[in-house]
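Written below as structure tokens is the structure these notes are about.
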Amino acid sequence: MGSVTPIAQLRAAVEAASESVAGADGRARARPTLERPKQAGHGDYATNAAMLLAPVVGAPPRDVAERVGSELQSLLGEAVERVEVAGPGFLNLFLSHAWHTAALAHVLEAGTAYGGGAAAPAQRVNVEFVSANPTGPMHAGHARNAAYGDALARILAFRGHEVTREFYINDHGSQVRKFGESIQARARGAEPPEGGYQADYVRELAQALDGPADRDVMEVADAGLALMLERMRATLQAFGVEIDVWFSERSLHDGADPKVTQAFARLDELGQTYRSDGALWLRTSAHGDDKDRVLERSTGEHTYFASDLGYMLDKRERGFDRLLLVLGADHHGYVNRMRAAFESLGGDPEDLELLIMQFVHLVQRGERSSMSKRRGEFVSLDDLVGEIGVDAARWFLLQRSHDTTVDLDIDLAREQSSENPVFYVQYAHARIASIRAKAGAGRVEAALAEAGAHAGDLDPAERTLVKKLLAFGEEVAEAADRRAPHRIAAYALELAQTYTAFYRDCLVVGAEGEGVESFRLALSVASQRTLARSLDLLGVGAPDSM
RNA sequence: GCCCCCGUAGCUCAGUGGACAGAGCGACGGCCUUCUAAGCCGUUGGUCGCAGGUUCGAAUCCUGCCGGGGGCGCCA
């Protein structure tokens, strides 16, 4: 069971009541909301259906509300205690004891799958993220990109989509040679060449590699890239990120019939390219870009953009329904040309989503430091994790919307107290584990079987907690559909607060009254599972003890 | 000049048409014979940048302006 959620049932009832008052046509024209009112006196749920139907029916909103309300009352039967008309025509639903206990039973029956698996239609989604340049270490900006891309992938997968996590390796082009030259120069005790890589890690690479002073430059470059990539893989893994496909840019240029060449041929067929000044241009301006872009220089060399075309062609041929690209803030100038590139290859603009991450500022002792490489102040992803741990790093990077800049307070993130939100949420989870241990596994199992037997009046904290648990499915849907993992973080914090209020007001183990202890144990188990799932979707741990 | 993001409480930010705008931090004041005090409660605090418009209803949608950040190579 569990296919129809208690919320979905309420929605269906609102739809049916609307139809019976305004007809099928009227119902179709209104899309009523069903929301949890902020104010307690406004019931468990409220709908604006009557206000939307009023102009269709041609009657005052409150009159329509009376009619819809009485329909709702008879449709919902014993699930509802009363329906009130309020304000300009809101309908406030006050739900019964039976509805609340049945709702908890629904949550429990769904088990650990609760809240997921409902995407319609399910899509094959490619999420490309991080794609850090392998010629340098990853910094805190990449950490945000990694945390976001990974959490998004987790959420989309939980929602029921088929997800591939992909990392694009920039292992082609003149920068690779420069990288090799820089390592070699350091190995020989010299300065890197003009435009080369100056930073300390290059010196360290020169020592770690086998005899770079005397080998071929490209061999040195490749060995350097391989080592850097291996380190990135390890860093990401430690950060909780597993990449499914490591895609080499160079591979797009290799072989008898390189993908880039195939892309050129395809674009030519579609009439998207032309020759001018000896170069091959793509008509990106025909698809919203400021100007056309070069694919092949007059020298015969391919531009970086040529690789992008080959890469997109490859992704399209792999059959994804959606391509998501998680890009750093410094790449937003590429959005238009990437879109244009995708459309040039015949893609539907809706199937490519470019998600731009805004910057991260680290704040320590009230001082803000930037991630700017230019100023040489950037903190590596490894440093950040070493400083505050994976859980805090991921939480703090994920709790804000991706399109707003983040101030990451290092001191707060390290705080092992309730002032630190990630700690607070984990603590609530651990607290439930402690309660379960006190009750004993056998007692908990029995409680789950008789969760609906609560015979007394429900405490307001119990009612509130049931409704907070019910909201999880919609939160997951919103987080997935709007590419917004931060909603899960906000939800997790609210659920932890709601559980904590329940814990304060309602004794669990040893509670008096028929079925009360069982109900509260079951409610605790459902809360624990949902907290654990929320944290997992963010890639944050859910410890049983702290 | 053109383009993108942002402007909501002292600070960092939620809130993509509904009822008195929310959270965390900060500040101030309380709470340990009680399932984790690594905790809990309360108080404080806002012309939702500004001006128009659409709507029964706007932080939310539209237009203009102001302020902050970023991007605009036949580099990768």
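Each chain gets a letter, A, B and so on, in the order the sequences are listed, and its residues count up from 1.
- One interatomic measurement links the two molecules: CE of M51(A) to P of A58(B), which rounds to 13 Å at whole-angstrom precision.
- For an aromatic pair to be called close, the ring centres must be under 6.0 Å apart, and Y424(A) with Y427(A) fails this.
- As rounded to whole Å, 11 Å separates atom C1' of A76(B) from atom CZ of R337(A).
- Remark: K38(A) is in phosphate contact with A19(B), judged by side-chain N or O atoms under 4.0 Å from OP1 or OP2.
- Residue R504(A) is in sugar-phosphate contact alone, with no base atom involved, counting any heavy-atom pair closer than 4.0 Å across all strands shown.
- Distance R293(A) CZ to C75(B) C1': 13 Å, rounded to the nearest Å.
- One interatomic measurement links the two molecules: CD of E194(A) to C1' of A76(B), which rounds to 17 Å at whole-angstrom precision.
- C41(B) and U12(B) have their C1' atoms separated by 24 Å, with the value rounded to a whole Å.
- Residue contacts for D277(A): at a heavy-atom cut-off of 4.0 Å it reaches a base atom on one of the strands shown.
- Side-chain atoms of H332(A) and base atoms of G70(B) include a donor and an acceptor less than 3.5 Å apart.
- Within 4.0 Å (heavy atoms only), T135(A) reaches no atom of the nucleic acid at all.
- Taking atom CE of residue M338(A) and atom C1' of nucleotide G71(B), one finds them 15 Å apart after rounding to whole Å.
- When each of G18(B), U36(B), G15(B) is scored by its nearest atom to the side-chain atoms of A430(A), the top-ranked nucleotide is U36(B).
- At a threshold of 4.0 angstrom between heavy atoms, the contacts of A86(A) include nucleobase atoms, whether or not backbone atoms are also involved.
- S434(A) comes within 4.0 angstrom of a nucleotide base, judged by non-hydrogen atoms across all strands.
- Not a single donor-acceptor contact under 3.5 angstrom links the side-chain atoms of D330(A) to the base of G71(B).
- D403(A) comes within contact range of the sugar-phosphate backbone alone, with a heavy-atom separation under 4.0 Å but no base atom that close.
- At the heavy-atom level, S401(A) lies under 4.0 Å from the strands shown only through sugar-phosphate atoms.
- G52(B) and G15(B) have their P atoms separated by 28 Å, with the value rounded to a whole Å.
- Between the base of A76(B) and the side chain of D308(A) there is no donor-acceptor pair shorter than 3.5 Å.
- Projected onto RNA chain B by closest heavy-atom contact, T299(A) and A329(A) fall at different nucleotides, the more 5' of which corresponds to A329(A).
- Pairing of U33(B), defined by two Watson-Crick or G-U wobble distances under 3.5 Å, is not identified with any nucleotide.
- A donor-acceptor pair under 3.5 Å is absent between the side-chain atoms of E445(A) and the main chain of G442(A), judged by distance alone.
- Checked against S307(A) for a side chain to side chain donor-acceptor pair (under 3.5 Å), the options H253(A), K259(A), H302(A) give a single hit: H253(A).
- Residue A46(A) is classed as a base contact, given a heavy-atom separation below 4.0 Å to a base.
- In this structure, K178(A) reaches neither bases nor backbone, as no heavy-atom distance under 4.0 Å exists between it and the strands shown.
- As rounded to the nearest Å, C56(B) and C13(B) have P atoms that lie 37 Å from one another.
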**Report entry** Derivation of the salt bridge (Lys or Arg N to Asp or Glu O under 4.0 Å) call for R250(A) and D222(A)
**Finding:** CA-CA 11 Å; R250(A) 189 181 298 176; D222(A) 285 350; 3.0 Å; yes
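- Here the CG-CD1 distance, from L225(A) to I169(A), works out to 9.0 Å after rounding to the nearest 0.5 Å.
- Residue-level contact check: D292(A) touches neither bases nor backbone, having no heavy atom under 4.0 Å from any strand.
- Pair assignment for A38(B) gives none, since no Watson-Crick or G-U wobble pairing has each distance under 3.5 Å.
- Across all strands shown, A9(B) forms no Watson-Crick or G-U wobble pair with both key distances under 3.5 Å.
- Remark: side-chain polar atoms of S251(A) are paired, donor with acceptor, to backbone N or O of S248(A) under 3.5 angstrom.
- C2(B) is paired with G71(B) under the Watson-Crick or G-U wobble criterion, all donor-acceptor distances under 3.5 Å.
- Regarding E474(A), its CD atom lies at a distance of 16 Å from the P atom of G15(B), rounded to whole Å.
- Separating the C1' atom of A27(B) from that of C11(B) is a span of 12 Å, rounded to the nearest Å.
- For Y334(A) and A76(B), a side-chain-to-base donor-acceptor distance below 3.5 Å is present, hydrogens and geometry of angles not being considered.
- Residue T33(A) is classed as having no contact, given no heavy-atom separation below 4.0 Å to the nucleic acid.
- At the heavy-atom level, I432(A) lies nowhere under 4.0 Å from the strands shown.
- Place G173(A) and V508(A) on RNA chain B by their nearest nucleotides, and V508(A) ends up nearer the 5' end.
- The aromatic ring centres of F472(A) and Y491(A) sit less than 6.0 Å apart.
- Ring-centre distance between F247(A) and Y311(A): below the 6.0 Å cut-off.
- Q358(A) has its CD atom 11 Å from the P atom of G7(B), to the nearest Å.
- A straight line from NE2 of H302(A) to C1' of A76(B) spans 15 Å, rounded to a whole angstrom.
- Contact annotation for D505(A): no contact, since no heavy-atom pair falls under 4.0 Å across all strands.
- Residue contacts shown for Y424(A) are limited to sugar-phosphate atoms, with no base heavy atom under 4.0 Å away.
- For C6(B), the glycosidic angle deviates from 0 by more than 90°, giving an anti base.
- Distances shorter than 4.0 Å separate none of the side-chain N or O atoms of H42(A) from OP1 or OP2 on G18(B).
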